[in-house]
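Worksheet: the structure to be examined is printed underneath.
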Amino acid sequence: MPIETRVEARGGLLSQADADLFAVPVPAGAAAPDAEIAASLPFTLDELLTLHQAKGEPGEIVATPVRIGDRVRELLLYGVGAATPADLRRAGAALARRARGRASLAAGVPAGDLAAFVEGALLASYGFSIGKPPSRPAAGTIFVLTEAGPEAAADAIALGTVRARATALARDLANTPSGEKGPSWLAARATEIGAESGLTVRVRDEKELAEGGFGGLLAVGGGSARPPRLVELTYDPGDADRHVVLVGKGITFDTGGLSLKPGPAMTTMKTDMAGSAVVLGVLSALRDLGVRTRVTGLLAIAENMPSGSAMRPSDVITHFGGTTSEVLNTDAEGRLVLADALAYADAELDPDALIDVATLTGAAKVALGLKYGALFASDDALADALVAAGDAAGEPLWRLPLDEEYRPAIESDVADVANIGRPGYGAGATTAALFLREFTGGRTWAHLDVAGPGRSGSDDGEISKGATGYAVRLLLSYLAA
């Protein structure tokens with residue numbers, strides 16, 4: 001569901017804003033703000049902060065009633081820490097959650113990265129539901145007042161809004177139930193979004209995939225009544241000096257195939273196409289952000305189901321370009337569809353950098369938990385750029401090794417490579433990345449395994465329960481740089 005909250009810049013005094021709720025920032029150390037809106041209070045803001053033992057930490061909120069004109073409203077003192085981008089993102093999210101059920105909020109915002117504050121506020125305003133509307137909807141409008149004034153704030157608000165809405169798009173796609181979201185549905189949504197975003201779009205159906213030799217997509221999708229798709233979206237600003245290809249895993253539902261998952265493990269598998277959702281979210285925002293890099297997005301879309309036509313353990317797949325893989329576990333299907341797309345990108349698109357995004361392995365989640373995405377890269381400069389972009393965007397990455405000592409783990413007796421590591425090696429995230437590397441042609445390449453942070457079991461800061469859209473903002477930061 002698109003974010004309905006708007007953020008607008010306002011001038012003048014905070015008390016002059018026509019809002020239901022007001023907020024003033026408190027920096028680390030709980031120094032009392034100079035807030036004219038508190039003039040009518042029978043105590044000082046210092047006394048209020050002391051009473052609540054407030055520390056000015058990001059996300060901390062202390063509330064008090066305040067009279068403005070002939071009405072009593074609520075005044076929020078919200079912590080902003082050191083006003084770093086991460087602090088302001090969390091502070092904006094806390095305010096937006098507190099403002100649910102109110103029509104409007106007016107907030108003073110300290111000097112700093114206003115775009116990060118806007119991102120946090122809008123992403124915390126996101127919600128996804130089917131049926132009756134929420135009892136406490138997100139605030140309709142958030143007015144921000146800054147020392148620089150409304151004109152200077154406009155660009156930052158626009159930047160934060162574009163990034164937040166791109167992330168929300170990825171969340172919407174991943175949160176959509178798989179009963180509706182088959183491969184053709186996702187391909188149709190990509191076509192619509194491409195038309196709205198100035199992209200050229202090509203969709204390959206199962207006939208074209210067979211003619212083109214995309215054996216991984218066909219094998220994974222073979223067990224489903226809803227056949228696979230490969231979507232290619234292109235953003236071309238006209239004068240680009242580099243070309244980046246983004247590849248997204250798009251398993252619209254993953255049962256594990258004949259290597260069937262336990263029932264409880266399937267409940268989150270509607271989000272197993274989060275990589276494709278991220279790529280589509282990124283592509284949707286490039287024109288609005290004025291990105292000067294040419295970007296191609298590949299969405300490798302299939303549904304992994306058990307049936308009489310499903311791939312079997314021990315099957316051998318011939319991927320695009322001719323490399324073969326032995327299927328030892330049909331639940332390691334994401335790498336099989338990514339392999340086709342990566343090989344196609346290498347052979348046909350000639351990228352300067354090739355980046356794939358996937359909720360790929362439970363091993364990455366075990367290693368890094370829910371806050372960090374796993375990064376594997378063939379090139380140090382690309383790895384450093386992605387880590388820096390993740391830090392700036394609040395979507396951190398941790399680089400894991402592509403160690404050659406693990407390469408024998410994916411050797412096959414009958415094919416070029418096996419789709420899972422042999423017993424005794426462990427390092428499941430690394431062996432999966434080594435499998436993918438086989439299809440990159442030695443190009444500058446990075447693999448983002450977002451199985452941990454790609455979905456969340458609860459609201460936390462700008463993260464909302466369900467699909468998170470993790471990696472949209474970091475990739476936009478990387479491409480904008």
Is a donor on one side and an acceptor on the other found under 3.5 Å between the side chain of [X] and the backbone of [Y]?
X      : Y      : value
Ser125 : Ala138 : no
Thr255 : Leu260 : no
Arg473 : Ala393 : yes
Asp113 : Leu88  : no
Ser456 : Ile463 : no
Glu60  : Lys55  : yes
Ser104 : Asp20  : yes
Lys181 : Leu173 : yes
Asp449 : Leu360 : yes
Thr5   : Ala139 : yes

Could you tell me which non-hydrogen atom of [X] sits nearest to which non-hydrogen atom of [Y], and how far apart they are?
X      : Y      : answer
Leu41  : Pro65  : CD2-O, 3.2 Å
Leu338 : Ala358 : CD1-CB, 3.8 Å
Lys261 : Met269 : CE-SD, 3.6 Å
Val279 : Gly297 : CG1-CA, 3.8 Å
Pro396 : Asp391 : CB-OD1, 4.1 Å
Val80  : Ala91  : CG1-CB, 4.1 Å

What distance separates [X] [atom1] from [Y] [atom2], expressed to the nearest 0.5 Å?
X      : Y      : atom1 : atom2 : value
Leu283 : Tyr235 : CG    : OH    : 10.0 Å
Phe376 : Leu436 : CZ    : CG    : 9.5 Å
Leu354 : Phe439 : CG    : CZ    : 13.0 Å
Thr161 : Arg6   : OG1   : CZ    : 11.0 Å
Met266 : Phe253 : CE    : CZ    : 6.5 Å
Leu342 : Ile355 : CG    : CD1   : 11.5 Å

N-O pairing of [X] and [Y] below 4.0 Å:
X      : Y      : answer
Asp356 : Lys249 : no
Arg90  : Asp460 : yes
Arg294 : Asp352 : no

When you look at [atom1] of [X], are more than 12 heavy atoms from neighbouring residues, nucleotides or ligands closer to it than 6.0 Å?
X      : atom1 : result
Asp403 : CG    : yes
Phe143 : CZ    : yes
Glu36  : CD    : yes
Tyr406 : OH    : no
Trp398 : CH2   : no
Glu4   : CD    : no

Can you check whether [X] reaches [Y] side chain to side chain, under 4.5 Å on heavy atoms?
X      : Y      : result
Val450 : Val357 : yes
Ser184 : Arg229 : yes
Leu169 : Arg189 : yes
Leu475 : Glu395 : no
Phe117 : Leu95  : yes
Glu333 : Asp272 : yes
Leu21  : Arg73  : no
Phe43  : Leu51  : no

>> Checking Leu476 against Leu286 for the side chain to side chain contact (heavy atoms under 4.5 Å, CB included) test, could you report, in this order, the C-alpha distance in whole Å, the side-chain angles of both residues, the deciding distance, and whether it holds?
In response: CA-CA 8 Å; Leu476 288 175; Leu286 297 178; 3.9 Å; yes

>> If you apply the rule side chain to side chain contact (heavy atoms under 4.5 Å, CB included), what do you find for Leu375 with Leu448, and how did you get there?
In response: CA-CA 5 Å; Leu375 166 65; Leu448 308 183; 3.6 Å; yes

>> Between Arg437 and Thr440, does the side chain to side chain contact (heavy atoms under 4.5 Å, CB included) criterion hold? Intermediate values first, please.
In response: CA-CA 5 Å; Arg437 191 184 64 175; Thr440 62; 4.1 Å; yes

Compute whether any side-chain donor of one residue and acceptor of the other, for [X] and [Y], lie under 3.5 angstrom apart.
X      : Y      : result
Thr271 : Arg455 : yes
Thr141 : Glu8   : no
Thr293 : Arg242 : yes

> Hey, what's the ring geometry for His447 with Trp445, parallel, tilted or perpendicular (30° and 60° as the breaks)?
Replying inline: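 Parallel.
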
> After noting the C-alpha distance and the side-chain angles of Leu368 and Leu400, does the key distance pass the side chain to side chain contact (heavy atoms under 4.5 Å, CB included) rule?
Replying inline: CA-CA 10 Å; Leu368 299 176; Leu400 295 178; 4.3 Å; yes

